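Below is one structure, written out as structure tokens; comments come after it.
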Amino acid sequence: MMRVFVLTGAGVSAESGLGTFRDAGGIWARFDPMKLATPEAFAADPETVHEFYNLRRRNLIEAAPNAAHAALARLAGGVELFLCTQNIDDLHERAGSPQVHHMHGELLVARCGWCGRREECRGDLSVETICEGCWRVGGMRPDVVWFGEMPYGLDVIEARLAEADLFVAVGTSGAVYPAAGYVAMARELGIRTVEINLAPSDNAGAFDERRYGPATTEAPRFVAELLGQGG
Ligand code: BV8
């Protein structure tokens, strides 16, 4: 069975109404990532960081998966798929993807900075939130990987990449590392690489094949071809 490694980014959730980061009007156009998505920012101003993630969590709960998420869920049924996402939303899972590796964490999970306990989180967090593990207050944070923090499961990611026959990036600008470095790693390993995006990413030149258009159009078309169901 073909072994496929798919890396997704904010572009795969854009048509579900979840803002991307770097596009015009994107999240980082309205909020400064260095003031909101770093451990230093959380230490300096936890209220504002909580407000930012509480807003994104409420938006996520209102959102629904789209045809791109659905196509990638179908793909899992026809190939040996490793789905690695930079997204902190749960739209891949809600579309039926059996395995999703969240390398930058999950918005619907909270983690205690004191004891490390993780728990599902669908409501707002604040500096008054008490950890139900260590019963201390003010340590609960969204279980997301901030800039300067180590992404999750890098060893698993690199092991699955090393055994892949095909590397596909969907809806990512290739601006954030280590994720942005995986296409180069795949090329070095002689793995075929495909980019599916609205526009050329920062490392478009590193891809063997490039397909540009909305993820809800291009991902289903690509998956149908891969599953031999014609374009
Ligand atoms: C780390 C969670 C130490 C929080 C995020 C090497 C060189 C330079 C810098 C670095 C480097 N190595 C590390 C760094 C520093 C830093 C980094 O990369 N900085 C950048 C800004 C230069 N990286 C880190 O800090 C990482 N940690 O390095 O730890 C380490 C690690 C390994 C080994 C040793 C030490 C941690 C980075 C994770 C930060 N957390 N998210 C949150 O979400 O709030 S990153 C966040 O931004 C996302 O998770 C995602 O990763 C990134 C956004 O990128 P995309 O998802 O691609 O989104 P973007 O908006 O940029 O692009 C969307 C694309 O979709 C566009 O191309 C657009 O055309 C397309 N599109 C839009 N609409 C559609 C579409 N495509 C199809 N259809 C559509 N409809």
Side-chain angles (χ1 to χ4, degrees), residues 6-42 48-57 59-60 63 65-69 71-72 84-92 100-109 111 125 141-158 168-185 194-204 206-207 210-222:
V6 172
L7 174 71
T8 65
V12 83
S13 295
E15 295 162 85
S16 292
L18 299 186
T20 63
F21 292 80
R22 285 170 184 74
D23 295 323
I27 294 172
W28 297 149
R30 285 179 286 133
F31 303 100
D32 176 351
M34 291 310 135
K35 287 205 180 54
L36 291 162
T38 67
E40 296 77 18
F42 187 63
T48 303
V49 172
H50 278 311
E51 199 189 321
F52 172 62
Y53 284 99
N54 290 343
L55 170 69
R56 291 173 65 189
R57 191 178 298 107
N59 290 346
L60 171 55
N66 61 50
H69 299 108
L72 293 171
C84 179
T85 189
Q86 300 167 78
N87 300 342
I88 60 177
D89 66 54
D90 66 337
L91 298 181
H92 282 304
V100 184
H101 184 91
H102 286 272
M103 70 179 296
H104 292 163
E106 299 175 69
L107 188 51
L108 298 181
V109 178
R111 175 163 56 88
L125 286 178
R141 55 167 279 181
D143 185 26
V144 300
V145 175
W146 284 325
F147 289 97
E149 294 184 324
M150 185 71 76
Y152 293 154
L154 294 180
D155 49 353
V156 175
I157 292 171
E158 291 173 18
V168 187
V170 185
T172 184
S173 62
V176 171
Y177 288 78
Y182 291 147
V183 61
M185 215 184 273
V194 179
E195 170 166 87
I196 297 175
N197 217 41
L198 199 57
S201 70
D202 294 5
N203 44 34
F207 287 88
R210 294 174 278 276
R211 297 176 174 222
Y212 297 122
T216 55
T217 305
E218 295 306 321
R221 177 178 295 150
F222 183 74

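If you're wondering where the values come from, they're calculated on a predicted model, not measured in any experiment. Indexing begins at 1, ligand by ligand and atom by atom, following the structure's order.
Applying the ring pair (Phe, Tyr, Trp, His ring centres under 6.0 Å) criterion to Phe222, with sequence neighbours excluded, gives no partner residue. Residues meeting the side chain to side chain donor-acceptor pair (under 3.5 Å) test with Asp32, sequence neighbours left out: Lys35.
Nearest residue to atom 70 (C) of ligand 1 from Thr216, Thr172, Asn197 is Asn197 (criterion: closest heavy atom). Summarising the contacts of atom 41 (N) of ligand 1 with His104, Glu106, Glu149, the nearest heavy atom is found in His104. Remark: among candidates Ala10, Ser173, Ser16, Ala68, the nearest residue to atom 61 (O) of ligand 1 is Ser173, based on non-hydrogen atoms. Considering each of Ala175, Pro214, Ala215, the one bringing a non-hydrogen atom nearest atom 20 (C) of ligand 1 is Ala175. Across Met150, Arg211, His102, heavy-atom proximity to atom 31 (C) of ligand 1 is greatest for Met150. Closest heavy-atom approach to atom 11 (C) of ligand 1 within the set Phe147, Tyr177, Phe52: this belongs to Tyr177.
The shortest contact between atom 79 (C) of ligand 1 and any protein heavy atom is with Gly11 O, 3.4 Å. Residue, atom and distance of the protein heavy atom nearest to atom 37 (C) of ligand 1 are Val176 CG1, 3.6 Å. Nearest non-hydrogen protein atom to atom 60 (O) of ligand 1 is Phe21 N, 2.6 Å. Closest protein heavy atom to atom 76 (N) of ligand 1: Leu198 N, 3.1 Å.
Classification of the Tyr53-Trp146 ring pair by plane angle, with boundaries at 30° and 60°, yields tilted. Using cut-offs of 30° and 60° on the angle between ring planes, the pair His50 and Phe42 is perpendicular.
Atoms of ligand 1 lying under 4.0 Å from at least one heavy atom of Glu15, given by number and element, are 78 (N), 79 (C), 80 (N). Here is the list of ligand 1 atoms found below 4.0 Å of a heavy atom in Gln86: 48 (C), 49 (O), 50 (C), 51 (O). Those atoms of ligand 1 that come under 4.0 Å of a heavy atom in Tyr53, given as number and element, are 4 (C), 42 (C), 44 (O). Set against the non-hydrogen atoms of Gly171, the atoms of ligand 1 under 4.0 Å away are 63 (C), 64 (C), 65 (O), 76 (N). Atoms of ligand 1 found under 4.0 Å from any heavy atom of Leu154 (numbered from 1 in listed order, with element): 32 (C). Heavy-atom proximity to Gly9, at under 4.0 Å, picks out these atoms of ligand 1: 56 (O).
Closest approach of Asn87 and Ala10 over heavy atoms only: OD1-N, 3.0 Å.
In Ile88, the part holding a heavy atom less than 4.0 Å from any atom of ligand 1 is the side chain.
The distance from the OG1 atom of Thr8 to the CD atom of Gln86 is 7.0 Å, given to the nearest 0.5 Å. Note: Leu91 CG to Glu15 CD = 12.0 Å, rounded to the nearest 0.5 Å. Arg111 CZ to Leu125 CG: the interatomic distance, rounded to the nearest 0.5 Å, is 12.0 Å. Atom CZ of residue Arg211 and atom OG1 of residue Thr217 lie 12.5 Å apart, to the nearest 0.5 angstrom. Remark: Asp90 CG to His69 NE2 distance equals 9.0 Å, nearest 0.5 Å.
Considering backbone and side-chain atoms alike, Ser201 places every N or O at 3.5 Å or more from each N or O of ligand 1. By the 3.5 Å distance cut-off applied to N or O atoms, Asn87 is not counted among the residues near ligand 1. An N or O contact shorter than 3.5 Å is missing between Ala37 and ligand 1 by distance. An N or O contact shorter than 3.5 Å is missing between Val144 and ligand 1 by distance. Inclusion of Pro178 in the set of residues having an N or O under 3.5 Å from an N or O of ligand 1 is not warranted. At a 3.5 angstrom cut-off on N or O pairs, Gly148 counts as close to ligand 1. Inclusion of Val145 in the set of residues having an N or O under 3.5 Å from an N or O of ligand 1 is warranted. Considering backbone and side-chain N/O of Trp146, none are found under 3.5 Å from N/O of ligand 1.
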**Worked verdict on Thr38 versus Val49 for side chain to side chain contact (heavy atoms under 4.5 Å, CB included)** = CA-CA 9 Å; Thr38 67; Val49 172; over 6 Å; no

**Request:** Could you walk me through whether Asn59 and Arg56 pass side-chain hydrogen bond (donor to acceptor under 3.5 Å, both in side chains), step by step?
**Result:** CA-CA 5 Å; Asn59 290 346; Arg56 291 173 65 189; over 6 Å; no

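Not a single heavy atom of Met103 lies less than 4.0 angstrom from ligand 1.
The closest side-chain heavy-atom distance from His92 to Pro65 is not below 4.5 Å. The closest side-chain heavy-atom distance from Asn197 to Tyr212 is below 4.5 Å. Side-chain contact between Arg57 and Leu108 is present, with heavy atoms from C-beta onward closer than 4.5 Å.
Counting only heavy atoms, the protein never gets under 4.0 Å from atom 15 (C) of ligand 1.
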